[in-house]
Amino acid sequence: MQNLLHNLNPEQHAAVTLPAESALILAGAGSGKTRVLTTRIAWLIQTGQISPSALMAVTFTNKAAKEMQARLSAMLPLNTRSMWIGTFHGLCNRLLRAHYRDASLPQTFQILDSQDQLSMVKRILKANQIDDDKYPPRNVVYFINSAKEQGLRAAKVTTHDPISRQLAELYGIYEQQCQRDGVVDFAELLLRTVELMSSNQPLREHYQARFKHILVDEFQDTNDLQYRWIKLMAGTSSAVLAVGDDDQSIYAFRGANVGNMASFEREFLVRHRIKLEQNYRSHGHILDAANALISNNTERLGKNLRTDAGQGELIRIQEAASDREESQWLVEQIKELTRQGIASNQIALLYRSNAQSRVLEHALFSASLPYRVYGGLRFFERAEIKHAIAYLQLMDNPHNDSAFLRVMNFPARGIGAKGQETLQDCARQQGISLYAAVPYLTGKVGTTLGGFVKLIEAARFETQMLTLPELVQRVLEMSTLIQHYQTEKEGADRVENLEQLVSAAALFIVEEGFPNDAPALLGPAGTAQPILVQGEGIQILDADAALSTLMSPLSAFLSHASLEAGDNQAQVGQDALQLMTVHSAKGLEFDAVFITGLEEGLFPHENSAREPGGLEEERRLMYVAITRARQRLFISFAQTRMLHGQIRYNTKSRFLNELPEENVKWLSPQVRQNWFAPPKSAWDSEPGNAGSASYQTRKEHIPTVIPTNPDGWRTGLSVRHAKFGEGIIIKLEGSAGNYRAHIQFYKLGLKVLDLNIAKLEKV
DNA sequence: GGAGGAATGTTTTTT
DNA sequence: ACATTCCTCC
């Protein structure tokens, strides 16, 4: 046991060995948070305080859950598969599978991902002849998800105007449709579980008594519904260990509520708040800068990182004339770092928004520097995989209309738009699924659709005794998906992906511990029975958390496909530069980090100004970016940048002013922001600047085409306003004689003015 | 049913 | 600027 606690610093030690009561761990960046979490679990088990089945550990991402399981297995000989370690959604999925009847769900309920949810809403809008200009599908989805996050069903949503009344009605129709299809969206997994636990007392008490310890990772990212769920699972007797960092809360835009940390301390009567402030990642200058920056935020629990690593290198800051010159500069610096022996995959290029990656990629490509961009489509989100999954879904639950619609005419089998509409009308009239409505159709459409239904039934019949990978293989053939992509000229990659789906199925069976000869359609395969609560005679049998005890291999695989869309991340092992947004860099670390585009409007992003607390969230984002770096940190910005097809003139980010002078070194000379400058750079007017000689001749970086119009207004024009002072036009909207200008004022920031109204003087 | 052109929307993202 | 999605036409 002693060796578990070996090498922990005093705070870490205190956190790991906390008494069995609720506590908050404020874990700074690079302070060994995951280590504390896993060691805490191992310590609780090894000291005999609890059995592995008496604890639950919750994370946000599958990656984090897997990491925790891996580290735990390395510390103790445990079957982590059967332990309740997983994501919020994954654990709720397990609970709902075990108690599907009490949750009023079919045993084979399926999970809609965001794409499916959006298309379902579009379908509902169409079927109800709702103008989707007035009710954009994305907004409807947002409305539904926010309502669910507040724990509200359609009937409970308060409406105060016709718009919200209509939205609530759509929400109601959506709810019904999901229930009829036997599908749940991501928010529903949470909400359904919360409702199940609040309404079912024996069940609630069972779990509250069972889970003596609940550990929650990244607590600052929890939304209100997730917090409610934790409270329900914990009751009054469980010890909840909430681990998080309010300074790294960067997901308010998707419902995360940092306030949950304060609520947690209050509601769980927390007596122990432990701060992990010893940082094992970054050198001193980097940490000092991060601490200074974040101290500008007012709403903090308070924390200051420290290191033993020494001050290290100063943070380098570079001002470039344009985004292209910024990229050129990056290329030079990267080459230098590589010469110094830093591996490419230890160098990260971070940016605030994805649109910025293009210029960078272009420069890297031209310089033949290998790179990987994080983000983008994941394996299970690819169209061909979604199609294959839809066939599999129909075999498990033919009433899933989303799946039915996706593939009833793919590959094409002559069911046109009209036939599809007839079927949908019929299904709606009868209040049944599309699959069930097929027999009602007559004529040619009826025959063709009947053929499709027969295909699904034949597939189900033929594959009864096959294992999961065999079944997937067979379905790919029967559906003619493989054949379809083989004949398509650009289809080779897709065929390859489909084949990979078979391998993914084989791997899944092994990883989830299904017997490798288990028929895919039969299940649950394990011996443990789900926990059932039946009226009078309450029978609660403990099940472990392994999917193999709860679902058939096929059902389990389908959940997996929705809940774990696959790697979004570029291969870490590859020796290539790592390009990603600051958001996706959270949790990662690199020897050298470049943060690019530190410009007002970009970082902090202009849209954040509209949201309350937006600026502070942007600052936390910058804090996250800075704390990714171990040894070297570079920050750059550009005076002009191509954005949405227009040249933008930006001023340097306010965050640069918040970094202490003693921690930074300006590589470019600091010139006063050049307001009157034309789209020429400070570089041209000041020849001989350090390190710039080689770029001076590259005239192609200097923008020459300026959009103008008959009135003489153009972007980049310097203007004077009687009240606002001097500024520069960064964007023009509207048409000749009717312009609105976005003007970045020197003192007052961005304003949008109507040029017919505002009196502006050209400077 | 697919090719090609117009319209559209561009902060961040996991499940 | 550029990707995606919608729409039209053969």
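To find a chain, count down the sequence lines: A is the first, B the second, and so on, and within it residues start at 1.
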Counting the benzene-type ring for Trp, do A/Phe637 and A/Phe603 have ring centres under 6.0 Å apart?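 Not close enough - the centres of the two rings lie 6.0 Å or further apart.
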
Close aromatic pair by centroid cut-off 6.0 Å: A/His387 and A/Tyr485: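 Ring-ring flag for A/His387/A/Tyr485: false, centres at least 6.0 Å apart.
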
Give a yes/no answer on whether the side chain of [X] brings an N or O atom under 4.0 Å of OP1 or OP2 in [N].
X        : N      : answer
A/Arg358 : C/dA3  : yes
A/Asn62  : B/dT15 : yes
A/Asn354 : B/dT12 : yes
A/Lys122 : C/dC6  : yes
A/Ser114 : B/dT13 : no
A/Arg254 : B/dT11 : no

[atom1] of [X] versus [atom2] of [N]: gap in Å, rounded?
X        : N      : atom1 : atom2 : result
A/Tyr623 : B/dT12 : OH    : P     : 24 Å
A/Asp132 : C/dC6  : CG    : C1'   : 11 Å
A/Leu621 : B/dT12 : CG    : P     : 11 Å
A/Leu558 : B/dT15 : CG    : P     : 18 Å
A/His362 : C/dA1  : NE2   : C1'   : 13 Å
A/Gln646 : B/dT10 : CD    : C1'   : 13 Å

Which sits closer to the 5' end of DNA chain B, A/His605 or A/Ile415, going by the nucleotide each is nearest to?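 Looking at the nearest nucleotide for each, A/Ile415 comes out on the 5' side.
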
On DNA chain B, nearest-nucleotide positions of A/Glu618 versus A/Ala412: which is more 5'?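 Here A/Ala412 is the residue nearer the 5' end.
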
Quick one, A/Cys92 and A/Trp229 - any side-chain contact, counting heavy atoms below 4.5 Å?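 Yes, their side chains come closer than 4.5 Å.
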
Does the structure show A/His89 stacking with B/dT15, if we require the centres to be closer than 5.5 Å and the planes to be within less than 30 degrees of parallel?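 Here A/His89 fails the 5.5 Å or the 30° condition.
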
Select one nucleotide: of B/dT14, C/dA1, B/dT11, the one nearest the side-chain heavy atoms of A/Thr61.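 Nearest listed nucleotide: B/dT14.
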
